[in-house]
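First the structure, in the form of structure tokens, and then the observations on it.
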Amino acid sequence: MSTETPDGIAVYAGSADDIRPEYIEAAHIIGAEIARRGLTTVNGGGNMGLMRETIDGALAAGGHTIGVLPQFMMEKDWDHKGLTECRVVSSMHERKATMAALSRGVIALPGGIGTFEEVTEMMTWRKLGLFHGNVVILNICGFYDPLLEMFRRAESEHFMKPNLAFVTADPVEAVAIAAAPFKA
């Protein structure tokens, strides 16, 4: 097994298309900023919503993209056709593990239950020492305010350790934090 730090930044994001333009702009900036830093954009490889926009931003900036899709999604033709690399896996569990293995840090953009599940799993992996990268929640337009309040409540009631994720509303700062060496 390699001890080299992966060059990917995993980006978790929603696949909905009828969304605020601020979210779309942030996703594009994140993909472009990852490329500008010479890193790889890793995501679910979808051809919809913020996943697509992150890939498009990276590609427009000359970046490398890796999409990780389970076979059933490929059969539904949900993959972004411009991906630099597409990795087909057997399950959603394998998808998340593959994305984590390819990534030095992760960023959560706005999304739904899948995005929430992905980012909270990475926070758990960070807590358990299974993931050695920074987890960043991009809180554009206060999207994550209710979830962050729930985290604060869990911390105050001693169910959760603090500082399992960094929070910012700035897409460029999100990439800088995700790309930085692990901060305990």
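Source: prediction; values computed, not measured.
Nearest heavy atoms, Ala13 versus Thr115: C-OG1, 3.4 Å. Residues Gly45 and Arg95 share a closest heavy-atom pair of N-NH2, 4.5 Å. Across all non-hydrogen atoms, the minimal contact from Leu39 to Ala179 is CD1-CB, 3.6 Å. Scanning both residues, Leu164 and Lys127, for their nearest heavy atoms gives CD2-CB, 3.8 Å. Annotation for Trp125 and Ala100: closest pair CZ3-CB, 3.5 Å, computed over non-hydrogen atoms. Contact detail for Gly46 and Met51: the closest heavy-atom pair is N-SD, 3.6 Å.
With values rounded to the nearest 0.5 angstrom, Phe131 atom CZ is found 11.5 Å from Glu121 atom CD. Taken from NE2 in His158 to CD in Glu155, the straight-line distance is 10.5 Å, to the nearest 0.5 Å. To the nearest 0.5 Å, atom OG of residue Ser90 and atom CD of residue Gln71 are 9.5 Å apart. Atom-to-atom distance recorded for His80:NE2 and Thr54:OG1 is 9.5 Å, nearest 0.5 angstrom. The CG atom of Leu109 lies 11.5 Å from the CD1 atom of Ile137; values are rounded to the nearest 0.5 Å.
Counting heavy atoms from C-beta outward, Thr41 and Ile66 have side chains that stay 4.5 Å or more apart. Counting only heavy atoms from C-beta outward, the side chains of Thr40 and Leu102 never approach each other to under 4.5 Å. Between Glu94 and Pro70 the shortest side-chain heavy-atom distance does not fall below 4.5 Å. The side-chain heavy atoms of Ile140 and Glu25, taken from C-beta on, include no pair separated by under 4.5 Å. Put simply, the side chain of Ile19 does not reach to within 4.5 Å of the side chain of Pro110, judged on heavy atoms.
Scored by the salt bridge (charged side-chain N to carboxylate O under 4.0 Å, His left out) test, Glu149 finds Arg152 as partners (sequence neighbours excluded). Partners of Glu85 by salt bridge (charged side-chain N to carboxylate O under 4.0 Å, His left out), not counting sequence neighbours, listed by chain and number: Arg87. Here Leu128 pairs with Thr124, Leu130 under the side chain to side chain contact (heavy atoms under 4.5 Å, CB included) rule; sequence neighbours left out. With sequence neighbours excluded, the residues that form a side chain to side chain contact (heavy atoms under 4.5 Å, CB included) with Leu147 are Tyr144, Phe151.
Listed by first then second residue, pairs satisfying salt bridge (charged side-chain N to carboxylate O under 4.0 Å, His left out) with a partner in residues 61-81 read Asp77-Lys81, Asp79-Lys81, not counting sequence neighbours. Residue pairs meeting the salt bridge (charged side-chain N to carboxylate O under 4.0 Å, His left out) criterion with at least one partner in residues 26-36, sequence neighbours excluded, are Glu33-Arg36, Glu33-Arg37. Note on residues 31-57: no pairs pass ring-ring contact (aromatic ring centres under 6.0 Å, His included), not counting sequence neighbours. Sorted pairs that involve residues 36-66 and meet ring-ring contact (aromatic ring centres under 6.0 Å, His included), not counting sequence neighbours, are lacking altogether. Residue pairs satisfying the ring-ring contact (aromatic ring centres under 6.0 Å, His included) criterion with at least one member in residues 7-48, sequence neighbours excluded, are listed as follows: Tyr23-Phe143. Evaluation of the side chain to side chain donor-acceptor pair (under 3.5 Å) test over residues 98-113, restricted to residues two or more places apart or in two chains, returns none. Within the structure, salt bridge (charged side-chain N to carboxylate O under 4.0 Å, His left out) pairs that include any residue of residues 44-73 comprise Asp17-Arg52 (at least two apart or interchain).
No path of Ile, Leu, Val, Met, Phe, Trp and Tyr side chains, each step under 4.5 Å between heavy atoms, connects Val135 with Phe159, placing them in separate hydrophobic clusters. Hydrophobic clustering, with ILVMFWY side chains joined whenever heavy atoms are under 4.5 angstrom apart, groups Met123 together with Phe116.
A side chain to side chain contact (heavy atoms under 4.5 Å, CB included) with Ile107 holds for exactly one of Ile177, Val175, Thr168; it is Val175. Partner of Val11 under the side chain to side chain contact (heavy atoms under 4.5 Å, CB included) criterion, chosen from Val106, Val42, Ile34: Ile34.
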I'd like to know whether Lys96 forms a salt bridge (Lys or Arg N to Asp or Glu O under 4.0 Å) with Glu118, so could you lay out the CA-CA distance, the side-chain angles of the two residues, the decisive distance to 0.1 Å, and finally the verdict.
CA-CA 7 Å; Lys96 290 184 293 183; Glu118 289 166 329; over 6 Å; no

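In the hydrophobic clustering, where aliphatic and aromatic side chains (Ile, Leu, Val, Met, Phe, Trp, Tyr) are joined below 4.5 Å either directly or transitively, Trp78 groups with Met48, Ile55, Leu59, Leu69, Phe72, Met73, Met74, Leu83, Val88, Met92.
Within the 3.5 Å criterion, the main-chain N or O of Val167 finds no donor-acceptor partner in the side chain of Asn139.
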